[in-house]
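Small disclaimer: the values here were computed from a predicted structure and weren't measured. Sequence lines set the chain letters: A, B, ... in the order given, protein chains first and strands last, and positions in each chain run from 1. Computation of the quantities below employed the complete heavy-atom set of this structure, encompassing side-chain atoms and omitting hydrogens, waters and symmetry-equivalent molecules.
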Amino acid sequence: MSSSYGDINVSGGIGLDSESAPFNLELARRNSMIERQGMKLPRYLKTGTTICGVVYANGVVLGADTRSTNGDTVADKNCEKIHYIAPNIYCCGAGTAADTEATTNMVASALNMHRYGTNGRTSRVITALTMLKSHLFKYQGNVSAALVLGGFDINGPHLFTVYPHGSSDSLPYATMGSGSLAAMSIFEAGYKENMTKEEAMKLVADAIKSGVFNDLGSGSNVDLCIITKEGKEYLRNYECPNPRPYASQSFSFAKGTTPVLRSTMLTLKDVVVEEGADAMEVGA
Amino acid sequence: MPHAVSTGTTIVAVEYAGGVVIGADSRVSTGTYISNRASDKITPLSDNAFLLRSGSAADTQLVSDYVRHMVHQHESQLQRPIDVPTVANLVMQIGYNNKNALSAAAMLVAGYDAATRQGHVYAVPIGGTMVRQKYAIDGSGSIFIYGYCDSEYKDDMTREEAESFVAEAIALAMSTDGSSGGVVRLVTVNEDGIFRRLHAGDKSVPRFGEEKDVHKDLTDKANAMQT
Amino acid sequence: MSYNGGAVIAMTGKECVAIACDLRLGIQNQTIATDYRKVFRVHDKLFVGLSGLATDMQTLSQRFAFRHNLYKLREERNMKPTTFANLVSHMLYERRFGPYYAEPVIAGLDENNQPYITGMDLIGAMAPASDFVVAGSSSESLFGVCESFWKPDMDAETLFETLGQCILTGVNRDCLAGWGAAIYIITPTGITAKTLKGRQD
């Protein structure tokens, strides 16, 4: 029976262990050994995040805050969480920064290759969704990327949430990340069907600000991305509700303040010195 | 790792005289947070068969994606619509062959075969068993309605009887099970096609026991105060 | 990150960029060396600093040099800082579930001599910055000093003084880092390497 379904193995596995392992696990045993000996694992960069999206009359609006954290420390005050998937598809990412970045990049390049093979036909959101969720399912939640996927294709506007374990929901309005509860409260209070672009942008910006101000893991600025039939509008730092509240003190250190033991000009390696070279002859 | 998304669920499927009625609540939760309050757990697998999903959302979505793919291949190979027992068998095989990976996928398959004029309800619980039943229930809310279903089920119900049997069962489970809630989605499959119905909001979801009395009490009091 | 100790900072100026590291190598509280440099030259306009587990820092710096040499053989040119950053990011993410214990800091000048700096976590999540990037056992205090001392458009000399103060004050309260510091100031015309005097305790 299995042969009649092409490469889907009905009697075998569902691809959990059949594919070649793309991750190198050489150091995993060593790492668990030195961790047992008491060394703390360095923390991954996380995006304790508020991300959300909403479908309106002519398209979708995606929104994100811009804080990236490393434990309790703010590692980046203005990072980008709305990732490119295709010209007509973007994806907000929450969770481990490296995972959201790597996963969305992988799908973006796979779709790019697919467009090369299909006369540049516009990518579909459902294709991106399927690629994302099957990758995440394969790693059983260990690749921790929680995503809000939005786009406009031949079937109109689409909005999906994707969870780290590989499940997805199709929704008219969606939130994700540690600030998702704060953002959802704004959506539940203010969402209407068939909003105008301006109404949708305001609702999304309000939802993100609700996360920025009520969730400790979210902060800094509001990024928006509006995707319609006509194209996308990426509004980086659409709102900046948290400017530096104090003027930067102009510390200036007089020349020689820092005690120097030794100072050398390093020899440049890439400078090619041609001795006795003549001008090249051109033509006859 | 964060909580896995699960459809803490109530799902019900029943065979009646001329087809099947299937129903589900609409709540999806991650831990204590409702991540989707209006989801659709009744997933079409073919033109005439549906999968009712409970347990891990990721696992059951994967199963339905795979089975839909296999149904497509099967139908284009045989050039005729697939029958419901075959669909249920595909679900069972995926569930059985991957029982270690799919440790949280409890599903029901139900549909109506126009060729044989026969409704089918199958339970495909964790582990890959497949049992044909007159009616089947599953999900976290199902434990609250075994008694109700056993006492109210009749062979060869009419469509109306079957629909209210399913709707009442789900509403009853929703009122007691914290992981079930939202709206009641109903699908009836029979000779004439597929009919979707929705019991949304406070008004059309049946209420029971204390809820009913409290509501009535308040209305009575309000009326008494007005007069 | 606190097994061997260490501190690295990269900072931008006007058409210049600088990268600094402390000089201590330790095994927990025992100091092994006081002239251990954590910054490596990729090419004349691109440096990478590493903090974390010393063995992984060495392995990585060797693999970076190897990959850059291969690139030069194939392309007959140097890598752009962004290209190199993406290479590093991929090399780290490849080991997502068994990572190198090292956080790289990349500093360089691009083809228009504009500064480019980026930090990364141990599995390759890039955090490019326009001002400064820090890494190491005392990253919180390094963040603190940089946050108050950095200002835009510094010339090479001001950049050196500022970064010098940042690395020296930043590691002052860190038992696992210090014993002086090394700074590399990268300008379109040349690289100046300076060794700074710091406390020896």
So if I apply the side-chain hydrogen bond (donor to acceptor under 3.5 Å, both in side chains) rule between Ser144(A) and each of Thr103(A), Thr96(A), Thr100(A), which one comes out positive?
Thr96(A)
Could you point out which residue of Cys91(A), Cys52(A), Cys92(A) forms a side chain to side chain contact (heavy atoms under 4.5 Å, CB included) with Val148(A)?
Cys92(A)
Structural part of Asp40(B) lying under 4.5 Å from a heavy atom of chain A:
neither
Which of Ser168(A), Ala146(A), Ser180(A), Gly95(A) touches chain B most, by non-hydrogen pairs under 4.5 Å:
Ser168(A)
Angle class for the Phe165(B)/Tyr135(B) ring planes (parallel below 30°, perpendicular above 60°, tilted otherwise)?
perpendicular
Go through the atoms of Thr175(A) and report whether side chain, backbone, both or neither lie under 4.5 Å from a heavy atom of chain B.
side chain
For the backbone of Ala57(A) and the side chain of Asn194(A), can you confirm whether one donor and one acceptor N or O come within less than 3.5 Å of each other?
no
